[in-house]
Amino acid sequence: QVQLVESGGGLVQAGGSLRLSCAASGTIRSINDMSWYRQAPGKQRELVATISRGGSADYADSVKGRFTISRDDTANTLFLQMNSLKPEDTAVYYCNAGVRIPFGRDTTAWGQGTQVTVSS
């Protein structure tokens, strides 16, 4: 019913930048919190950044000062601007959204994941 479609992943040199996008579609009344998660092989999935409906953002300590989360509510799109990338940022990145659908129901949607690889 609700789908998140990601784009922007790829290969980048250490110190470089990438911008991830995640567009929400479907029968959506509103979107609440939106987040980026990442998971490296052999590691647990970790929360990278969260942005509230009002635009308040929180970041994991490991990315603070380097990553910026933002949202375009007109386009139902979430962004993650990643600067000063490090090899340890290499992971599959997932977007997540709390979505209000018809009949006053809330659901959590996940993107398919996009690979980010940072070379030394």
Side-chain angles (χ1 to χ4, degrees):
Q1 187 172 5
V2 178
Q3 186 177 22
L4 304 181
V5 180
E6 301 181 15
S7 61
L11 175 66
V12 67
Q13 291 278 331
S17 298
L18 285 173
R19 190 176 81 154
L20 305 183
S21 301
C22 184
S25 62
T27 307
I28 299 171
R29 291 291 176 257
S30 64
I31 302 177
N32 301 313
D33 290 353
M34 304 185 78
S35 300
W36 288 99
Y37 290 76
R38 67 185 182 187
Q39 187 168 24
K43 302 287 188 178
Q44 65 180 354
R45 186 173 298 186
E46 65 175 345
L47 178 63
V48 176
T50 296
I51 185 167
S52 72
R53 183 167 51 190
S56 180
D58 293 304
Y59 300 91
D61 288 341
S62 59
V63 307
K64 194 171 298 182
R66 300 187 297 118
F67 291 9
T68 303
I69 188 171
S70 61
R71 59 193 290 169
D72 181 347
D73 290 329
T74 299
N76 286 337
T77 302
L78 176 71
F79 302 97
L80 185 67
Q81 178 66 48
M82 303 184 293
N83 298 327
S84 301
L85 282 162
K86 304 174 180 179
E88 52 263 43
D89 295 319
T90 295
V92 178
Y93 283 71
Y94 300 89
C95 56
N96 172 270
V99 181
R100 177 146 292 184
I101 60 177
F103 307 105
R105 304 293 294 178
D106 289 348
T107 188
T108 298
W110 286 92
Q112 76 286 351
T114 185
Q115 178 70 49
V116 171
T117 302
V118 184
S119 62
S120 300

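Side-chain atoms are counted along with the backbone in the values below, which use heavy atoms only and exclude waters and symmetry mates. The structure displayed is predicted, hence computed values, not measured ones.
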How long is the straight-line distance from [atom2] of [Y] back to [atom1] of [X], given to the nearest 0.5 Å?
{"X": "Asp58", "Y": "Ser56", "atom1": "CG", "atom2": "OG", "answer": "5.5 Å"}
{"X": "Leu80", "Y": "Met34", "atom1": "CG", "atom2": "CE", "answer": "11.5 Å"}
{"X": "Ile28", "Y": "Gln3", "atom1": "CD1", "atom2": "CD", "answer": "10.0 Å"}
{"X": "Asp73", "Y": "Ser30", "atom1": "CG", "atom2": "OG", "answer": "9.5 Å"}
{"X": "Arg19", "Y": "Ser7", "atom1": "CZ", "atom2": "OG", "answer": "8.5 Å"}
{"X": "Asp106", "Y": "Arg100", "atom1": "CG", "atom2": "CZ", "answer": "4.0 Å"}

At their closest point, which heavy atom of [X] faces which heavy atom of [Y], and how far apart are they?
{"X": "Leu47", "Y": "Thr50", "answer": "CD1-OG1, 3.4 Å"}
{"X": "Leu20", "Y": "Gly9", "answer": "CD2-N, 3.5 Å"}
{"X": "Gln13", "Y": "Ser120", "answer": "OE1-O, 3.7 Å"}
{"X": "Ala109", "Y": "Leu4", "answer": "O-CD1, 3.4 Å"}
{"X": "Ile101", "Y": "Gln1", "answer": "CD1-OE1, 3.6 Å"}
{"X": "Asp89", "Y": "Ser84", "answer": "OD2-O, 4.5 Å"}

I'd like to know if [Y] and [X] are part of one continuous hydrophobic network [Ile/Leu/Val/Met/Phe/Trp/Tyr, side-chain heavy atoms within less than 4.5 Å].
{"X": "Tyr93", "Y": "Ile51", "answer": "yes"}
{"X": "Val2", "Y": "Leu78", "answer": "yes"}
{"X": "Phe79", "Y": "Ile69", "answer": "no"}

Got Arg29 and Val99 here, is their nearest side-chain heavy-atom distance under 4.5 Å?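 Of all side-chain heavy-atom pairs linking Val99 with Arg29, none is under 4.5 Å.
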Within the distance-only criterion (no hydrogens, no angle test), does the side chain of Arg71 pair as donor or acceptor with the backbone N or O of Asp33 below 3.5 angstrom?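 Between the backbone of Asp33 and the side chain of Arg71 there is no qualifying donor-acceptor contact (under 3.5 Å).
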Going by side-chain contact (heavy atoms from CB on, under 4.5 Å), Arg38 matches just one of Thr114, Val63, Val116. Which one?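 So, applying the side-chain contact (heavy atoms from CB on, under 4.5 Å) to Arg38 and each of Thr114, Val63, Val116, only Val63 qualifies.
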Look at the rings of Tyr37 and Trp110 and say which category their plane angle falls in: under 30° parallel, 30 to 60° tilted, over 60° perpendicular.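 If you compare the ring of Tyr37 with that of Trp110, the planes turn out tilted.
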